[in-house]
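Encoded as structure tokens, the structure appears first; notes follow it.
By convention in this document, chain letters (A, B, ...) are assigned in the order of the sequence lines, proteins followed by strands, and residues within each chain are numbered from 1.
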2 protein chains.
Amino acid sequence: MTAALAAPLFPTPGLLERLRPHAAATALTGCDGCPARALAVCQALADADMDEFGAIGDQQRFAPKEALFRQGDDADAVFTITSGMVRLYRLLSDGRRQILGFLLPGDFIGLAPDERYASTAEAVTPVAACRFDARAYATLAERKPRLLASLRRAAADELAAAQDHMVLLGRRSADERVAAFLIALRQRLAVRGGGAVTIALPMSRQDLADHLGLTIETVSRVISRLARERVLLVVPDGVRVLDAQKLQALAAA
Amino acid sequence: MTAALAAPLFPTPGLLERLRPHAAATALTGCDGCPARALAVCQALADADMDEFGAIGDQQRFAPKEALFRQGDDADAVFTITSGMVRLYRLLSDGRRQILGFLLPGDFIGLAPDERYASTAEAVTPVAACRFDARAYATLAERKPRLLASLRRAAADELAAAQDHMVLLGRRSADERVAAFLIALRQRLAVRGGGAVTIALPMSRQDLADHLGLTIETVSRVISRLARERVLLVVPDGVRVLDAQKLQALAAA
DNA sequence: CGGCCTTTTGATGTACTTCAACCCCTGTGG
DNA sequence: CCACAGGGGTTGAAGTACATCAAAAGGCCG
């Protein structure tokens, strides 16, 4: 139904390219040319330290739905996402799910390395990630104050994001949740060099619902209505922001 | 109406004593005899380091409703609570409030010292806290790896708690929220040497509602019903757990 | 005792969920 | 080439958990 309108805007140039691993083109060893280099925790390290750093980590790839780790597993590794998107979630015993966040290139997982993982991390798109042995990583961090400082900043950011999300879940309406989520994701994609108008949504509606504390139907209805009101344009695997101001107003900061 | 039942159980021996500052009895200088010593981040320091540590911090007292800091203020200090209870919250522009957490003795605030505080910290009861200059604290931490490690653990714990709360807010019913909250608070009080059956609730119903993402009426109704069903006994400034098993079942982990 | 604020309880309203049907792809096999 | 099964998404109708509105019932401090 939006096809007539959508057509002239297509094809979006490489909507999800930046989220996808760049084929086998990238050499899997070393941090040179890592697409997440400028974003990640590792940027804190001097070039001289990178060899040592690269030595304890190795690139891994994950297919969609494949888990980086599962809730309850021994927490023996930490990760930096280099491409793709990861969902981090917790399950209740009866199957209810809360997605804690969607991770993008440059994001770090494992700031809270307790004995066991408290949540599951699963690839949404094909994912590439640097995997580090948790123990080796911790040891290295102890000797590199700049890395440690960088980790602290990452932890601070993540905590702030978690608090934002608590406000969203506790005190916002369905419309506000969707709008606020889209604005936040757009911001994060923009930092990573994504276009500023098209927001990639490679995750399913169920994923969105489980992140926003809603049902799949409510998410669908809200997005449909925003499209009808010409705030958004629904495109495959994403949305285009037609009226950023209105979207902002809906988010009700 | 619960008076007949409640009477024999009263008076609860010093229900809130542990949350209250011990009058002027405590000398305000130094960390010796600090009631939070065993719990706080500072426990990581060797006795030898404590002088230096004590030098950059000073004890402050706050009356109920008084702010330790406010959302938007320059983030120039961090705190360790030594007695009392603090609520940490964020406000939306239209006045809606989300309480991110209630802080108890030993808890640390300021793990995310960005430029400005992203939330407000306000005394619920009379509060005593160690205030540290943020810059001096950071400098000291750089030179004391054990303190840094302790901060990391604190950050990890806080992040895990935030994630727990996201699950609560996003995916749990009103009954489950109240039950899960009470169990978690009971656990935290128990660690701090509180009794295991009586849960201190010095905060208002409005505070509870704003923490649990509910309204004051819903909180009141749920607690009333739990009392009617003999799961809880409502006492002044708290509740007594009569049927821990049932409460646990209601929380639906 | 009387005023004020918090809490409780009741009656009504509604935003979101639940249930259900249908659509639209994409893939598979005859 | 089309049939059709199956999964994700949208849309509609009905239900419900919680919110809102309203009023009464405590506590607390003058």
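- In this structure, A/F102 and A/H211 have perpendicular ring planes: the angle between them is above 60°, well past the 30° mark.
- With rounding to whole Å, A/Q206 atom CD is found 13 Å from C/dT17 atom C1'.
- For B/I223 and D/dG26, the CD1 to P distance is 18 Å, given to the nearest whole Å.
- Over its full length, the helix from C/dC1-D/dG30 to C/dG30-D/dC1 turns its helical axis through 20°, comparing axes from the five pairs at each end and rounding to 10°.
- Remark: A/L189 CG to A/L201 CG distance equals 8.5 Å, nearest 0.5 Å.
- A heavy atom closer than 4.0 Å to some atom of DNA chain D occurs in B/S173, B/A174, these being the qualifying members of residues 163-178 of chain B.
- Considering only residues two or more places apart in sequence or on other chains, B/R221 meets the side-chain contact (heavy atoms from CB on, under 4.5 Å) condition with B/E217.
- One interatomic measurement links the two molecules: CG of A/L226 to C1' of D/dT10, which rounds to 15 Å at whole-angstrom precision.
- Residue B/R225 contributes atom CZ, which lies 15 Å from atom C1' of C/dG10 at whole-angstrom precision.
- Residues A/V191 and A/L39 are in side-chain contact: their nearest non-hydrogen atoms beyond the backbone lie under 4.5 Å apart.
- A donor-acceptor pair under 3.5 Å is formed between the side chain of A/Q98 and the backbone N or O of A/D210.
- Counting only distance, with no hydrogens or angles, the side chain of B/S220 and the backbone of B/I216 share no donor-acceptor pair below 3.5 Å.
- Checking A/V241, A/L226, A/V231, A/L232 one by one against A/K246, the side chain to side chain contact (heavy atoms under 4.5 Å, CB included) holds for a single residue, A/V231.
- Residues meeting the side-chain contact (heavy atoms from CB on, under 4.5 Å) test with B/L91, sequence neighbours left out: B/Q71, B/Y89, B/R97.
- Atom CZ of A/R96 is separated from atom P of C/dT17 by 13 Å (rounded to the nearest Å).
- For residues 79-89 of chain A, every residue pair satisfying the salt bridge (Lys or Arg N to Asp or Glu O under 4.0 Å) rule, not counting sequence neighbours, is listed here: A/R87-A/E122, A/R87-A/D207.
- Of all the residues in residues 207-219 of chain A, A/G213, A/L214, A/T215, A/E217, A/T218 reach under 4.0 Å from DNA chain C with at least one non-hydrogen atom.
- The shortest heavy-atom contact between B/V239 and B/V235 is N-CG2, 3.9 Å.
- One cannot find a donor-acceptor pair under 3.5 Å joining the base of D/dG9 and the side-chain atoms of A/R221.
- The two residues A/T82 and A/C34 make their nearest non-hydrogen contact at CG2-SG, 3.7 Å.
- Side-chain proximity of B/S224 to the nucleotides C/dT9, D/dG9, C/dT7 is greatest for C/dT9.
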